[in-house]
Structures are given as C-alpha cells and as structure tokens.
Amino acid sequence: MLRAHDTNSEIIINHFENRKICYAFHDIDGTHSLIREWPPVMSICLYNVIVNGLPEDFDSKENEKRLIESCGTKVLSETDRFCIESAGLSALTQMEWAIRRAVEEGTVKVSCNKNTNSEIIKRIWNGEEIFDEFKETDEMREMLAERTPRLFKLYEAVLNGYCRDKNLEKAKENPKDFLVPGSMEFMRFLKEQGVKNYFVTGAVVEKGMGMHEEVEGLGYKIGRDEIVEDILGSTWTEKMPKEMVMKELLEDLKTDGKNVLVVGDGRAEILAGSEMGALVISRLPKSAQYQRKLHKNLGANIIIDNYTNKDLYNIFEPI
C-alpha cells in the first residue's frame, strides 16, 4: 500500500487530504494505450448518422469502407467537439447521442416525444448516460435497442480498419511506441507497493479479443496478482456507464473511495472518481488546454502529460 500526501508541486491542481491507497482504477485509451486513434473515427461515424440517417444498409461493407476512407479528412465541428466532451462515456451512449441528433434533424423518422429527445441529447453532452425517468414511445425504444448496437459494431469495424488492427500488430513488436511514456513503469510501481490495479473501459471486454487483446499486446498481464488484476467494461448491447462499473467494483472490493486512485483522460472517470472521494489523476497532453480546464472543474487532483514526471512519484510513499 501507499500513502499519498499533498505537495507544493505544480501538477497538483486540486488539493487533497493525505490518504492510504490500496487500489487503482485506470482508464485505458489515451490514459495508457495509444493504439486506438478513436476521435476521428467516431466523429465521422456520428456525423454520417446525423446527416444521412440510418437506412437499412447503413452498416454494409461498402459504407464501412467509405467511412474508413473519410476518417480525418475534414473538420466536423459538432461531432469533433462531441468526441472531446464525451470522452469516457460508454460507446453505446455516444452512438445513442448521434441517433437522437438524427431524429432531431429529421434524417431518422420515428414516433417520439421531441422535447424529451432534445433534453436527453443535452444531458448526454453534459455527461449523463441513464434516462430511466423519461417515458418514451415504444417505437423510439425499439428503434434505439435495435440500431444503437449495430452502429456501435459499425464504429468498431471502421476503427479496426482505420487504425486499430495495424497499430496492434506494430504494438506487439514495439509496445513502447503505443504506450504513454512511463505508463508500464508507473503501473509496476503501484503493484510492487501492494496497490491492486484494475482497468476500466467503455469498450467491449471479451477475453482474447478487442480491448483485452490490446492491453495484453502492450505487455500488461491480466489476472490475480498480475500487474492488472482484471479488466472491466461494456457489452455490445448493455450500456454500462463507467461510473456504474467503478461503483460496482468499489462495492465488490468492500473499500472506501478514499483508498482508491483513479487515473483517466475522460470526463466520465474523472467525475466518477471525484464523486467517490478518490485521489484522481488526469492524464492529458499539454496541448489539451480545454480538457485540462474541464478536468480541474470536475475535481481532478493531479494533472500530468505522462508518467515520467518525478513529482508524481514524490506524492506517494510506501507504508
């Protein structure tokens, strides 16, 4: 275990009380792994839905190929910004946002309460993911239940074709090229001091596939007493907000949030960590000024651009 104590370092952006750290919950994409260059992929996929709707063949191989070729070729102001704002939300929520925007624009036709739909769009942008209090039409619920997972799978296929597959093969040969500098060393430092590391992601987790394959390809061993105890995430059809995944893990571990370190680069894990009383590290490049300001307001305690910063290690001492 480690003791975390406040210092006068400039990497501390919100001061905190000294505490004992027993567990660490880490986001993966952008926080530790650089395999998935997902923002331009998600942006074009969401933009395409808003503009063209969801015809029956929207997830055809032809459309998949077209979207792969279109990734990153032009500025898409609304969806580019949404990808920044929604980082950390479950992919199913991000897909739902685009479908609801298409309904709002009229490119997807469905019987619904337009005011409710517009309100949920705003709430997703503000980081919310569960909307059980709203009563929606059967047609809207059925359409979302059928189309959202299909859009999610299309997005993953475009991501694979654009960058994920080729980057994964390169990462297996040279892992350091696809790791945030100092990532493995910091994870190993935590483990050696008795802190149990967990990966938490909004992506689908299937053993030997997808995100599971990526983290193992980068050299992270997963399992009891390994550098990462477990990896927890979403499914193709069930929305699992990262906040919910983290809270359930906290309950399973029977621990207090004050004994947890949360490390991430998305608003979802930063806010969830802050609300549970954890010590929160935001990993963002220095160029990400908007996100840095946002994360400070969400309650991040520490902000770093990578894990080689000596001031980061000075915050922790063995117990």
Side-chain angles (χ1 to χ4, degrees), residues 29 35-83 86-87 89-114 116-118 120-121 124-125 129 131 136-169 201-206 209-211 213-214 233-240:
D29 277 337
I35 288 176
R36 297 188 174 205
E37 302 167 41
W38 67 268
V41 179
M42 182 169 286
S43 185
I44 191 64
C45 288
L46 303 189
Y47 173 82
N48 181 69
V49 172
I50 296 170
V51 173
N52 297 317
L54 292 170
E56 281 303 319
D57 64 345
F58 78 89
D59 49 359
S60 66
K61 286 293 181 181
E62 291 76 15
N63 198 36
E64 176 187 322
K65 183 175 183 292
R66 179 181 66 83
L67 291 170
I68 291 171
E69 293 172 350
S70 299
C71 287
T73 59
K74 59 182 178 180
V75 175
L76 304 170
S77 57
E78 181 184 18
T79 52
D80 285 352
R81 184 174 164 225
F82 177 73
C83 290
S86 68
L89 298 184
S90 67
L92 283 170
T93 298
Q94 293 166 313
M95 302 301 119
E96 179 185 337
W97 174 84
I99 296 174
R100 288 184 180 278
R101 278 287 293 113
V103 171
E104 196 172 50
E105 292 294 322
T107 52
V108 168
K109 307 290 185 182
V110 64
S111 174
C112 71
N113 183 311
K114 292 183 179 181
T116 293
N117 186 57
S118 294
I120 292 175
I121 288 169
I124 291 175
W125 195 292
E129 300 196 64
F131 312 105
E136 299 203 80
T137 64
D138 290 342
E139 292 90 340
M140 185 68 165
R141 287 188 292 101
E142 289 168 6
M143 184 273 292
L144 288 171
E146 191 266 332
R147 296 299 171 103
T148 306
R150 282 177 61 187
L151 180 57
F152 183 12
K153 289 181 180 179
L154 172 63
Y155 157 70
E156 285 283 339
V158 176
L159 182 69
N160 289 345
Y162 176 67
C163 64
R164 185 264 184 188
D165 289 349
K166 64 184 179 183
N167 285 352
L168 176 58
E169 291 309 307
T201 175
V204 172
V205 174
E206 296 175 312
M209 300 174 64
M211 188 62 75
E213 182 186 19
E214 290 169 37
S234 188
T235 70
W236 290 113
T237 58
E238 183 183 2
K239 187 191 295 186
M240 283 292 289

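No hydrogens, no waters, no symmetry mates; every other heavy atom, side chains included, goes into these values. Only a predicted model underlies this, so the values are computations on that prediction, with no experimental measurement involved.
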*side chain to side chain donor-acceptor pair (under 3.5 Å) with N63: which residues, sequence neighbours excluded?*
R66

_side-chain contact (heavy atoms from CB on, under 4.5 Å) against D165, all qualifying residues, sequence neighbours excluded_ = N160

*Straight-line distance of I35 CD1 to E169 CD, nearest 0.5 Å*: 9.5 Å

*Considering residues at least two apart in sequence or located in another chain, which fulfil the side chain to side chain donor-acceptor pair (under 3.5 Å) criterion with E78?*
R101

*Looking only at heavy atoms, what is the nearest atom pair of L159 and V41, with distance?*
N-CG1, 3.6 Å

_Any residue meeting side-chain contact (heavy atoms from CB on, under 4.5 Å) with K61, in chain and number order, not counting sequence neighbours_ = E64

*Roughly how far, to the nearest 0.5 Å, is the CG atom of D29 from the CZ atom of R36?*
5.5 Å

*Do you know the tightest heavy-atom contact between T107 and V49?*
OG1-O, 3.7 Å

_If you define the side chain from C-beta out and look only at heavy atoms, does anything of P40 sit under 4.5 Å from Y162?_
yes

*Mind checking side chain to side chain donor-acceptor pair (under 3.5 Å) for T148 and listing every partner two or more places apart, or none if nothing turns up?*
none

*Given side chains that start at C-beta, do those of F58 and N52 come closer than 4.5 Å, heavy atoms only?*
no

*For residues T73 and S70, is any side-chain donor paired with an opposing acceptor at under 3.5 Å?*
no

_Side chain Q94, main chain S86, donor-acceptor under 3.5 Å_ = yes

*Nearest heavy-atom pair of I44 and C71: which atoms, and what distance?*
CG2-SG, 3.7 Å

*Which pairs, with at least one residue in residues 45-55 and sequence neighbours excluded, count as a salt bridge (charged side-chain N to carboxylate O under 4.0 Å, His left out)?*
none

*Output every pair passing salt bridge (charged side-chain N to carboxylate O under 4.0 Å, His left out) with a member in residues 39-57, not counting sequence neighbours, ordered by first then second residue.*
E56-R147

*Could you grab the distance from atom CG of L144 to atom CD1 of I120, nearest 0.5 Å is fine?*
8.5 Å

*Scan residues 137-160 for pairs that pass ring-ring contact (aromatic ring centres under 6.0 Å, His included), counting only residues two or more places apart or in two chains.*
F152-W236

_Presence of salt bridge, R164 and E156, under 4.0 angstrom_ = no

_I68 versus A157, closest heavy-atom pair with distance_ = CD1-O, 4.4 Å

*Can you name the side-chain contact (heavy atoms from CB on, under 4.5 Å) partners of N117, sequence neighbours left out?*
R100, V103, E104, I121, M140

*Between atom CD1 of I99 and atom CG of L151, what is the distance when rounded to the nearest 0.5 Å?*
5.0 Å

_Distance-minimising heavy-atom pair for C83 and S43_ = SG-N, 3.6 Å

*Calculate, to the nearest 0.5 Å, the distance between atoms CG and SG belonging to L168 and C163 respectively.*
10.5 Å

*Is the shortest heavy-atom distance from the side chain of L46 to the side chain of M95 under 4.5 Å?*
yes

*Who passes side chain to side chain donor-acceptor pair (under 3.5 Å) against R150, sequence neighbours left out?*
D59, E146

*For the student: nearest non-hydrogen atoms of I50 and A98, plus distance*: CG1-O, 3.8 Å

*Can you name the residues that form a ring pair (Phe, Tyr, Trp, His ring centres under 6.0 Å) with W97, not counting sequence neighbours?*
F82, W125

_Partners passing side-chain contact (heavy atoms from CB on, under 4.5 Å) against S111 (at least two apart in sequence or in another chain)_ = T137, E139

